[in-house]
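Here is the structure we will look at.
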Amino acid sequence: MKIPFNKPYLTGKELQYIEEAVSLGKISGNGEFSNRCQRFFEVRYGFQKCLLTTSCTDALEMAALLFNIKSGDEVIMPSYTFVSTANAFVLRGAKVVFVDSKADHPNMDERLIEELITPKTKAIVVVHYAGQACEMDVIMDIANRHGLFVIEDAAQAIDSYYKGKALGSIGHLGTMSFHETKNIQCGEGGMLMINDPELIKRAEIIWEKGTDRAAFFRGEVDKYGWVDLGSSFLPSEVTAAFLWAQLENLDQIQTRRKSIWEDYYALFNEDSAKIKLLNASYCKQMKNEGEVPIFNFKFQNFKFIANAHLFYLLFPDLDSRTEYAKNLKEHGILAVFHYQSLHRSAFAQKHFPDQYRRELPNSDRYSDCLLRLPLFYELPELSTQL
Ligand SMILES: *Cc1c(COP(=O)(O)O)cnc(C)c1O
């Protein structure tokens with residue numbers, strides 16, 4: 001038996017709902033299941049308006065269109081993030097300006113943002129790494145003082161909060177991912193959350209290929225046509241039906257993931273022996289196959305479970321991480337590293353040489369030293385078969 005890094009979870013209702021969607025006779029987007037999913041998020045998390053997209057990448061591209069990002073604009077974002085966070089804005093001609101991570105967390109260091117703002121700065125993109133919140137009060141204050149848009153890349157942050165507010169509900173816009181590696185998944189999928197009411201109407205138009213089709217179907221206009229820029233950002237009802245089966249089980253999925261996270265925490269926290277869901281022999285291997293000098297460092301200060309999207313360890317250097325991952329692999333357990341700093345990428349070297357030359361030591365450290373352990377719904381069952 002092998003333990004993969006991730007195994008997408010199926011609740012068992014996916015095919016039934018897909019069949020229902022098909023029998024409803026309308027399987028293009030913006031139908032019954034899409035609306036059900038969007039309402040679910042609006043009601044549960046207080047997002048003003050949600051629009052399902054085919055990916056979080058698409059939702060980020062919609063955000064760049066909505067903010068009228070154009071050549072010469074600058075957009076501030078962490079270097080330690082997924083390429084889509086940057087691509088969405090670079091596609092519109094923007095220059096990306098990278099912020100270093102915090103010394104004690106991969107999230108962007110909010111204290112370093114203000115010095116990067118120039119007259120060309122248009123927006124700040126925050127990324128809630130591992131579903132853990134960035135310092136949103138500080139970031140919103142900076143944005144408001146400088147008249148900047150804020151978009152929360154909440155791809156990993158479903159069901160996470162900052163001071164009682166759902167992540168993705170605080171910036172002007174938020175984006176979510178339902179890629180199969182995320183807590184709630186539909187293979188490929190995402191969502192744009194629009195919190196600034198003034199952006200809602202245009203978001204719908206961009207979503208529907210630059211037409212006022214959504215307003216037409218509500219009976220607000222008597223014909224629809226080309227009124228703005230746009231693209232095909234909405235997923236089909238087949239995807240939305242799959243997603244609905246997952247959302248119905250959100251609480252159950254989250255409870256299980258948090259329990260696994262707690263078990264990992266207990267495992268790497270010397271004094272506790274609480275190993276209830278994970279199989280004991282699996283846990284022993286996690287611990288014994290290589291020395292782990294530094295654990296999920298967050299818990300040295302306080303326990304931060306967030307939404308149990310990831311559980312990671314931080315090693316002192318690249319060699320010790322490589323060694324530990326190799327040991328685990330030899331025992332059938334796949335642990336993986338995460339982002340490579342974007343400012344050090346081949347793309348940045350070519351297109352943003354000034355960013356390439358910057359020193360962002362914390363971001364580089366997470367690139368070299370962070371290791372993610374398997375965390376998925378069926379991990380406890382699988383680990384009994386090791
Ligand atoms: C997963 C992820 C994305 C991309 O999501 P897709 O739905 O695959 O496009 C973007 N940003 C972050 C931070 C992510 O973790």
Side-chain angles (χ1 to χ4, degrees), residues 5-6 8-9 29 34 37-38 41 50-65 75-91 96 98-99 101-102 105-108 123-134 136 139 150-160 162 167-168 170-171 173-193 207 231-236 239-240 242-243 246-247 257 306-312 336-343 345 347 363 366-367 370 372 375-376:
F5 170 67
N6 180 52
Y9 174 60
S34 297
C37 294
Q38 289 167 184
F41 282 102
C50 293
L51 296 174
L52 288 189
T53 57
T54 55
S55 63
C56 180
T57 302
D58 259 2
L60 288 161
E61 287 178 24
M62 283 184 72
L65 282 165
V75 179
I76 294 173
M77 65 184 65
S79 178
Y80 194 75
T81 184
F82 190 57
V83 289
S84 295
T85 317
N87 261 332
F89 299 91
V90 175
L91 272 168
V96 282
F98 295 115
V99 188
S101 298
K102 289 160 158 327
H105 195 278
N107 277 346
M108 74 203 288
I124 301 170
V125 190
V126 306
V127 178
H128 302 297
Y129 186 77
Q132 301 185 1
C134 292
M136 291 311 292
I139 293 167
V150 172
I151 168 158
E152 296 177 74
D153 181 344
Q156 306 175 7
I158 191 170
D159 210 44
S160 262
Y162 173 80
L167 296 190
I170 304 162
L173 297 173
T175 63
M176 186 91 71
S177 173
F178 309 117
H179 184 263
E180 71 170 22
T181 50
K182 307 300 203 269
N183 292 24
I184 292 291
Q185 60 99 16
C186 58
E188 300 278 358
M191 189 169 71
L192 180 70
M193 293 89 87
W207 189 55
S231 191
S232 186
F233 288 120
L234 64 177
S236 92
T239 297
F242 188 113
L243 183 63
Q246 296 264 314
L247 290 178
R257 293 186 71 102
N307 65 346
H309 175 57
L310 301 176
F311 189 94
Y312 55 85
V336 296
F337 55 86
H338 213 175
Y339 305 127
Q340 296 302 298
S341 296
L342 292 185
H343 76 288
S345 63
F347 189 90
S363 177
Y366 297 116
S367 296
L370 185 150
R372 295 175 293 162
L375 204 178
F376 53 88

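Model, not experiment: these values are computed from the prediction. First listed ligand is number 1; within each ligand, the first listed atom is number 1.
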*asked:* Under a plain distance cut-off of 3.5 Å, with no hydrogens placed, do Tyr129 and His338 share a side-chain donor-acceptor pair?
replied: yes
_Exactly one of Met108, Met136, Gln156 should register a side chain to side chain contact (heavy atoms under 4.5 Å, CB included) with His128. Which one does?_
Met136
_Nearest atoms (heavy-atom pairs only) where Ala240 meets Leu52_ = CB-CD1, 3.9 Å
*For the residue pair Asn6 and Thr181, what are the closest heavy atoms and their distance?*
ND2-CA, 3.5 Å
Check each N or O atom of ligand 1 against all protein N or O atoms and list the pairs under 3.5 Å, with atom names and distances to 0.1 Å, one per line.
{"residue": "ligand 1", "atom": "5 (O)", "partner": "Ser177", "partner atom": "OG", "Å": "3.3"}
{"residue": "ligand 1", "atom": "7 (O)", "partner": "Cys56", "partner atom": "N", "Å": "2.8"}
{"residue": "ligand 1", "atom": "7 (O)", "partner": "Ser177", "partner atom": "OG", "Å": "2.7"}
{"residue": "ligand 1", "atom": "9 (O)", "partner": "Cys56", "partner atom": "N", "Å": "3.3"}
{"residue": "ligand 1", "atom": "9 (O)", "partner": "Thr57", "partner atom": "N", "Å": "2.8"}
{"residue": "ligand 1", "atom": "9 (O)", "partner": "Thr57", "partner atom": "OG1", "Å": "2.5"}
{"residue": "ligand 1", "atom": "11 (N)", "partner": "Asp153", "partner atom": "OD1", "Å": "3.4"}
{"residue": "ligand 1", "atom": "11 (N)", "partner": "Asp153", "partner atom": "OD2", "Å": "2.8"}
{"residue": "ligand 1", "atom": "15 (O)", "partner": "Gln156", "partner atom": "NE2", "Å": "2.9"}
{"residue": "ligand 1", "atom": "15 (O)", "partner": "Lys182", "partner atom": "NZ", "Å": "3.2"}
{"residue": "ligand 1", "atom": "15 (O)", "partner": "Tyr339", "partner atom": "OH", "Å": "3.2"}

_Proximity of Tyr339 and Phe98 rings by center, below 6.0 Å_ = no
*Between NZ of Lys182 and CG of Leu310, what distance do you get to the nearest 0.5 Å?*
8.5 Å
